[in-house]
Amino acid sequence: MSNSTFSRLAPFIQEYIYTHNWTELRPVQIEACQAIFDTDAHVLLAAGTASGKTEAAFLPVLTLMQQKPTSTIGVLYISPIKALINDQFARLNDLLKEADIPVCHWHGDVAQGRKQMLLKDPRGVLQITPESLESLLMNKYSQLNRLFGDLRFIIIDEVHAFMGSERGCQIICQLARLSKFIANPPRRIGLSATLGDYTSAAEWLQAGTTREVITSDIQGGQRKLHLAVEHFYTPDKEEESLTNPYYQYIFERTKSRNCLIFANNRAETESVVSNLRQIAANVGFPDIYHVHHGSISASLRQKAESAMRDRTSSAVTAATVTLELGIDIGQLERVMQLDAPVSVSSFLQRLGRSGRRGEPSEMGFVCTEKERDAESALPYQIPWQLLQAIAIIQLYLEERWIEPIRPVQYPMSLLYHQTMSILAAMGELTPAALAGQVLKLPSFTAISTDDYRLLLNHLLEIDHLQKIENGNLIIGVKGEKIVNSFQFYAVFADNKEYKVRDESMEIGSIIMPPPGNRFTLAGRTWEIFDIEPKANTIWVKPVEGIANIAWRGGSSNIHTKVLQKMQQVLAEDKEYSYLQSGAKKRLKIARQLAKATGLNQFNVLPIKSNICCIFPWMGTVAYRTFERLLNLYCRDTLEIKSITGVSPYFMLLKVSKDKIDDTFNQIYSLCTQQIAPQQLVSSKEVLKLQKYDRFIPTPLLHKAFALDYLDTKELATIVKNWQTTN
C-alpha cells in the first residue's frame with residue numbers, strides 16, 4: 001500500500017492495517033482523511049453500507065488524538081442504538097490495542113464499574129446513545145467541564161436515523177448545551193449510507209455552529225444487484241405453515257443460508273420465524289432461526305448477532321429496524337423483505353446488509369394481499385404492497401432518488417423535555433434565564449417567547465414547575481416524578497412492558513399479558529403459568545404450536561413521490577425483470593383492471609350510486625391533510641355519511657345520491673384554495689402524539705400539529721393535476 005494518505009496515519013493504525021491485510025484505503029477513507037487532516041470544517045460522510053465509513057472517521061481522528069492527546073474525553077461518538085455501540089466498541093478496542101487511547105461505551109446495559117472508570121479518568125473515546133448523554137447532562141452537570149472541556153470531535157453515526165425526528169432535535173440541543181463547557185468548539189462528523197438531501201443533512205449537522213460542512217459522497221460505483229419480487233394471496237383463515245405456499249416459499253429461499261428477513265413490524269417477525277421453525281422441524285432441518293427486535297432481551301439479540309457472524313453454520317434472523325442499521329453481522333447471502341418497505345431509504349439500508357466484500361447485493365421481496373373476489377370494491381382488488389415494492393425499486397434504479405428529510409419545526413414534547421432537563425441540571429433559574437437557556441437552542445428557533453411563556457404558565461398550573469420566594473423556578477412536585485424516572489431521558493414514547501421469563505432466562509417483553517394464556521415471542525410459543533403484576537413479570541414455559549402475537553407495530557410516513565410512482569407502474573406497460581411468476585401475473589391482472597375501470601386515468605371514480613372512491617396518489621402527510629379537509633369542509637355540502645379507506649392508498653366516500661356527480665368539483669375547488677393548515681385543526685381536538693404532549697397546553701399542540709403534520713400547499717399542488725370521469 002503506497003499512498004500519501006496512508007503515510008499520514010498514526011504508526012499504530014498503519015500497523016493495524018498491515019496486520020489485517022488491507023491492500024488499500026477505500027475512497028471514502030481517503031476523502032475523509034483529506035477533509036479531517038487538511039481543513040477545520042465539519043464533515044458529512046455519505047457512502048454505501050460496508051464502505052468503511054466508521055474507519056473513515058476514526059482513522060484520521062485517532063491519528064490527531066495521538067499526535068496531540070486531550071486532557072478530557074476527546075471524541076464523542078453518538079449512535080441511535082446500543083447494539084451498534086457494542087459492535088463499534090469491539091472494533092475500536094481491536095484498533096486501539098497498541099495506542100494509549102481508551103474507549104468507553106456508555107448505555108443502560110453497560111456495568112456501572114466501567115462508567116465509574118471513565119468518570120475518574122475522562123480520556124479517549126466515549127460511545128453513547130442520546131438518552132445516556134441526556135443523563136450525563138442532567139446528573140453530572142457540575143462535572144461537564146472536567147469531562148468534556150477538551151472535546152475535539154463529535155461523530156454522529158447513522159444521521160439519517162436522527163434527522164426529521166424529535167430525537168434528532170434532542171441531539172442538536174444536547175450538543176448546544178455541551179458546547180458551553182468546551183474550550184474550543186469541536187468538529188462534527190456525520191456518517192450515513194442513505195441520504196437524499198445533502199443540503200438538509202449538512203444544515204442539521206452544522207446547527208448551532210459557524211463551521212462550514214464538507215460533504216463527501218462516495219457510492220463506490222454501480223452496485224451489482226440481484227432482486228426478486230414475488231406475490232402471494234393470504235387466505236382469510238391462517239393456513240398451517242406446512243401447506244401455506246407463502247411460508248414454504250420463504251423457507252426455500254432461506255434454507256441453509258445466512259439470511260436476514262426484514263419485516264415492517266414485530267408481529268410479522270414473530271409469525272414468520274414460528275412458521276419457519278415448524279416447516280424445518282417437519283422436514284428434519286436444524287433450528288437456525290432467530291428473532292431480533294426491540295422487545296427481545298439483550299442476550300437473545302446478541303445470540304442472534306453472533307449466529308449471523310458464525311461462518312461455520314447458517315442462520316436466519318427475522319428483524320425490524322434493529323438490524324437495518326450498520327451492525328456488523330458478517331457475510332449475508334440474501335436479504336428477504338416481507339411486503340414493501342415504507343421508503344427508498346429503508347430499502348437501501350436493508351439491501352446494503354448483503355453484498356459485502358465485492359459480492360452482489362441480493363434481496364427478495366415477498367408481497368401479500370388478502371384474496372378477494374370480483375364483487376369486492378375496486379380499491380380492495382389492487383395489490384398495493386406489490387405496487388409499492390416496484391415503485392421503491394424503480395425510484396432507486398432509475399433516479400437514485402431517496403426521500404428528503406422533513407424537518408420538525410415545533411417539537412413541543414422536546415420543548416417540555418429540555419425545559420425540565422435544564423432546570424433539573426441547574427437547580428433553579430429565573431423565568432427569563434430559563435427562556436434564554438432553552439429558546440437559544442437550535443431546535444427551537446421557531447418557538448416564540450409568547451409560546452414559551454404560555455408553556456411555563458401551564459407547567460406552573462399543573463405543578464410541574466414551582467415558583468419559589470425569590471421568583472426563581474424549580475421543578476415542581478409532579479414534575480419531579482417525571483424527571484426522576486430513568487425513562488425521562490428518552491424523548492420517544494415508551495410503553496409499559498412486562499418482562500417475559502422462563503426458569504432460566506429473560507426472553508423479552510410485551511406491552512401487556514395477552515388474552516388467553518399463550519403467545520409468541522422470540523419466534524417461539526409460550527404458555528403463561530404465573531404473572532407478577534407488581535414486578536411487571538410474566539412467567540412462561542415453552543409449548544408447541546403457533547399462537548397469537550402480543551402486540552402490533554406502528555406506522556410511518558410514505559412520501560408522495562412513492563405513491564405517484566405506484567400510479568405510473570399501474571398505468572404503464574413496462575415489464576420488470578425482477579418480477580417472479582406470481583408477481584408478474586398479479587401485476588398484469590391489476591393493470592387490466594385499472595384500464596377497464598378508468599383507474600389509470602382518473603382520481604375520483606363512482607363505484608356505487610352513493611359511493612365514490614378517491615385514489616389521491618399522495619403521501620401520508622398530504623393524505624392526512626386531505627382527510628381533514630373533507631371532514632371539516634365537505635361533510636355538509638356533499639352530505640357525506642362516512643369516510644373510510646386505507647392511508648395513503650385510497651378513500652371511500654359515502655355521499656348523498658344526488659351529490660355524487662358533484663363530488664370531484666367540490667373537492668377540486670376546496671383543495672386548490674390553499675386553506676391554512678391551522679384551519680384544519682378543531683379547537684376541541686385532543687392531539688397527544690409525542691411522549692410529553694400531555695403536558696403541553698392545547699393551543700401549542702394544535703399549532704405544532706398544523707405546521708408539522710399537515711401540508712395544504714402540497715395537497716393543492718397534487719389536486720390541481722387530478723382528472724375525473726365527471
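Keep in mind that this is a model prediction, so the values were computed, not measured.
Taking CG from Leu338 and SG from Cys367, the interatomic distance works out to 9.5 Å, rounded to the nearest 0.5 Å. In this structure, the separation between CD1 on Ile390 and CG on Leu579 is 4.5 Å, given to the nearest 0.5 Å. Taken from OH in Tyr289 to SG in Cys259, the straight-line distance is 9.0 Å, to the nearest 0.5 Å.
Take Ser192 and apply the side-chain hydrogen bond (donor to acceptor under 3.5 Å, both in side chains) test, not counting sequence neighbours, and it matches His160. A search for side chain to side chain contact (heavy atoms under 4.5 Å, CB included) contacts involving Ala315 returns Asn258, His290, Ala307, Met308, not counting sequence neighbours. Judged as a side-chain hydrogen bond (donor to acceptor under 3.5 Å, both in side chains), and not counting sequence neighbours, the contacts of Gln174 are Glu134. Listed by chain and residue number, Arg334 satisfy the side-chain hydrogen bond (donor to acceptor under 3.5 Å, both in side chains) test with Glu362 (two or more places apart in sequence, or in another chain).
Between Ile156 and Tyr77 the shortest side-chain heavy-atom distance does not fall below 4.5 Å. At a threshold of 4.5 Å between non-hydrogen side-chain atoms, the residues Asn139 and Tyr489 count as touching. Side-chain contact between His464 and Met420 is present, with heavy atoms from C-beta onward closer than 4.5 Å.
Between Tyr233 and the choices Lys370, Arg586, Arg372, the side-chain hydrogen bond (donor to acceptor under 3.5 Å, both in side chains) rule is met once, by Arg586. Arg266 pairs with exactly one of Val291, Thr320, Ile296 by the side chain to side chain contact (heavy atoms under 4.5 Å, CB included) rule, that one being Thr320.
Heavy-atom neighbours of Lys478 NZ from other residues, nucleotides or ligands within 6.0 Å: at or below the threshold of 12. Around the CZ atom of Arg114, the shell of radius 6.0 Å holds no more than 12 heavy atoms that belong to other residues, nucleotides or ligands.
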Check: residues 379-386 side-chain donor-acceptor pairs under 3.5 Å, at least two apart:
unit_1: Gln381; atom_1: NE2; unit_2: Ser376; atom_2: O; d: 2.7
unit_1: Trp384; atom_1: NE1; unit_2: Pro379; atom_2: O; d: 2.9
unit_1: Gln385; atom_1: OE1; unit_2: Ala340; atom_2: N; d: 2.9

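Ring centroids of Phe251 and Phe285 are separated by less than 6.0 Å, placing the two rings close together.
Remark: the Glu166 side chain and the His417 side chain contain no N/O donor-acceptor pair separated by less than 3.5 Å.
Under the 4.0 Å criterion applied to side-chain N and carboxylate O atoms, Asp87 and Arg309 are assigned as salt-bridge partners. Salt bridge present: Glu131 and Arg167 bring a charged side-chain N and a carboxylate O closer than 4.0 Å.
For residues 285-298, the pairs satisfying salt bridge (Lys or Arg N to Asp or Glu O under 4.0 Å) are Arg277-Asp287, Asp287-Arg524, with sequence neighbours left out.
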